[in-house]
Amino acid sequence: MKVIVVGSSHGGYETVRGILAQAPETEIQWYEKGDFLSFLSCGMQLYLEGVVKDVNSVRYATPEGMRAQGVHVFTRQEITTVDPAAHTVTVHDLAHDTTRTEHYDKLVLSVGAVPASLPVPGADLPNVYAMRGRDWAAKLKAKTVDPSVQNVVVVGAGYIGTEAAEVFAKAGKHVTLVDMIPRPLGVYLDEEFTDILEDTMKAHNIYPATGQTVKEYTAENGQATQVVTDQGTYPADLIIQTAGIKANTDWLQGILDLDEKGLVKINDHLETSAPDIYAVGDATKVPFAPTEGHEQIALATNARRQGRIAAKNLLGERIAMPPVSGSSALSVFDYHFASTGIKEGTADKFGVKTASIFVRDTTQPPFVPTTAGNTDVYFKLTYAPDSHRILGAQIMAKRDVTANINTISLAIQAKLRLEDLAYADFFFQPGFDRPWNVMNVAAQKALLGEK
Ligand code: FAD
């Protein structure tokens, strides 16, 4: 059997790995239109902050390593069209500007997305950057040490924008963090958390300018110098746009069924509208456990799970993608946080009625000194008021207690209720924890009706 995999990031890599693990005799052709195989943008902040020294190490696979396992690896080769009836793709060899046709028995598309560009004047100026992929990583790195860059404006205060802001603040720049929504990280955290993080950001030279719409990037001598919003004007030697993504699927129009955002429509077995073609990753939606609907949740974790399942299914199994909850974690300077599922701030978007309980506690018993790691922990549990079904949670502390959120993610997937969580068995050791884990405490308080 011959399988063609398109795209070499998380989804493509995991598909290839999955096929190799189960059926190494499969003929695999793996295509990447860029010149670098398997760059992982998730590692970008670590590279930009100098924790990881070599940009070329931010990857899981090398062409040589994959070829040694029998995979036919093609970089700088773009798949430009598919003929589902003939089971062929057209390959554009970008290095030699030639095209050829390749036959497949099964085709997996993990074509991902590119950063969305804002439809405002000045968005195409040369000092308007993005943060995704190896080329932007190298360009951003150069700007962290460029003394002519003093004022950085990051447009989009989600995870990627917050990472960019922290990188440049740590590099000694003055950073403005602009977003339309009222709070930075507002998609991931409710205000009990973002209030603290906003203060932390300001203390580290990051100034949130939220609840504002960008109108224009003004320029002098061909370079952007200011970001103009409906409420203010911010000086900018460098603008980094991190305001969403756009699926890499224009070329699939009329070939596969796409939704209104250009995402490839798939069923829970990751099959597209054409036989023997699967799609995974950021260009698709995933089943969303809290609502049992489907959502676009652009995370490597989802692409990885889909890639593994696509590999199994194309080899003859019939596995459904498990529902996920959009679990994610990040640090903002000293604070580590994670969240999953639905928050109060996103409940309306999902059309779900929710109730929440917020708990502020300490990570360890009161007799443990802060010098031994004891610190405040903030936890919020969101649930359905009628059924008590767990729908989401957020946690934050100066110690890394983010893994609790994985427990809540599993609770959402398993459709557990407050009653299940209230007395669930979690370990206690004063060096780590309290006799009642903060998740127990929150569920117990919610059942007592405390707000
Ligand atoms: P992509 O990563 O978008 O890759 C698609 C690849 O396909 C690209 O290399 C592209 O060149 C290639 N391609 C596209 N079309 C073609 C074609 N026609 N022919 C040949 N090649 C093609 N997620 C997490 O879970 N945790 C994190 O900590 C995290 N951090 C992130 C940090 C940053 C800065 C960014 C930008 C993203 C982060 N993500 C994180 C999200 C994660 O990177 C994405 O969800 C993941 O990369 C999606 O993988 P993908 O395979 O769908 O596509």
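Whatever order the structure lists them in is the order used to number ligands and atoms, beginning at 1.
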When you check ligand 1 against the protein, what N or O pairs turn up below 3.5 Å? List the atom names and distances, or just say none.
| from | atom 1 | to | atom 2 | distance (Å) |
| --- | --- | --- | --- | --- |
| ligand 1 | 2 (O) | Ser9 | OG | 2.7 |
| ligand 1 | 3 (O) | Ala113 | N | 3.1 |
| ligand 1 | 3 (O) | Arg132 | NH2 | 2.8 |
| ligand 1 | 9 (O) | Glu32 | OE1 | 2.7 |
| ligand 1 | 9 (O) | Glu32 | OE2 | 3.2 |
| ligand 1 | 11 (O) | Glu32 | OE2 | 2.6 |
| ligand 1 | 18 (N) | Ile79 | O | 2.9 |
| ligand 1 | 19 (N) | Ile79 | N | 3.1 |
| ligand 1 | 21 (N) | Lys33 | N | 3.0 |
| ligand 1 | 23 (N) | Ala300 | N | 3.0 |
| ligand 1 | 25 (O) | Ala300 | N | 2.9 |
| ligand 1 | 25 (O) | Thr301 | N | 3.4 |
| ligand 1 | 45 (O) | Asp282 | OD1 | 2.8 |
| ligand 1 | 45 (O) | Asp282 | OD2 | 3.2 |
| ligand 1 | 45 (O) | Leu299 | N | 3.3 |
| ligand 1 | 45 (O) | Ala300 | N | 3.2 |
| ligand 1 | 47 (O) | Ser9 | OG | 3.3 |
| ligand 1 | 51 (O) | Gly11 | N | 3.0 |
| ligand 1 | 51 (O) | Ser110 | OG | 2.7 |
| ligand 1 | 52 (O) | Asp282 | N | 2.8 |

Salt bridge (charged side-chain N to carboxylate O under 4.0 Å, His left out) between Glu191 and Lys380, worked out: CA-CA 11 Å; Glu191 63 188 343; Lys380 188 167 179 179; over 6 Å; no
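When atom types are taken as modelled, the side chain of His87 and the backbone of Pro84 share a donor-acceptor pair closer than 3.5 angstrom. Between the side chain of Lys265 and the backbone N or O of Leu263, no donor-acceptor pair lies under 3.5 Å. Judged by distance alone, with hydrogens and angles left aside, the side-chain atoms of Asn313 form a donor-acceptor pair with the main-chain N or O of His269 at under 3.5 Å.
For Lys139 and Tyr129, the positive end sits near the middle of the six-membered ring, less than 6.0 Å away and at most 45° from its axis.
You'll find the ring centres of Tyr234 and Tyr207 outside the 6.0 Å limit.
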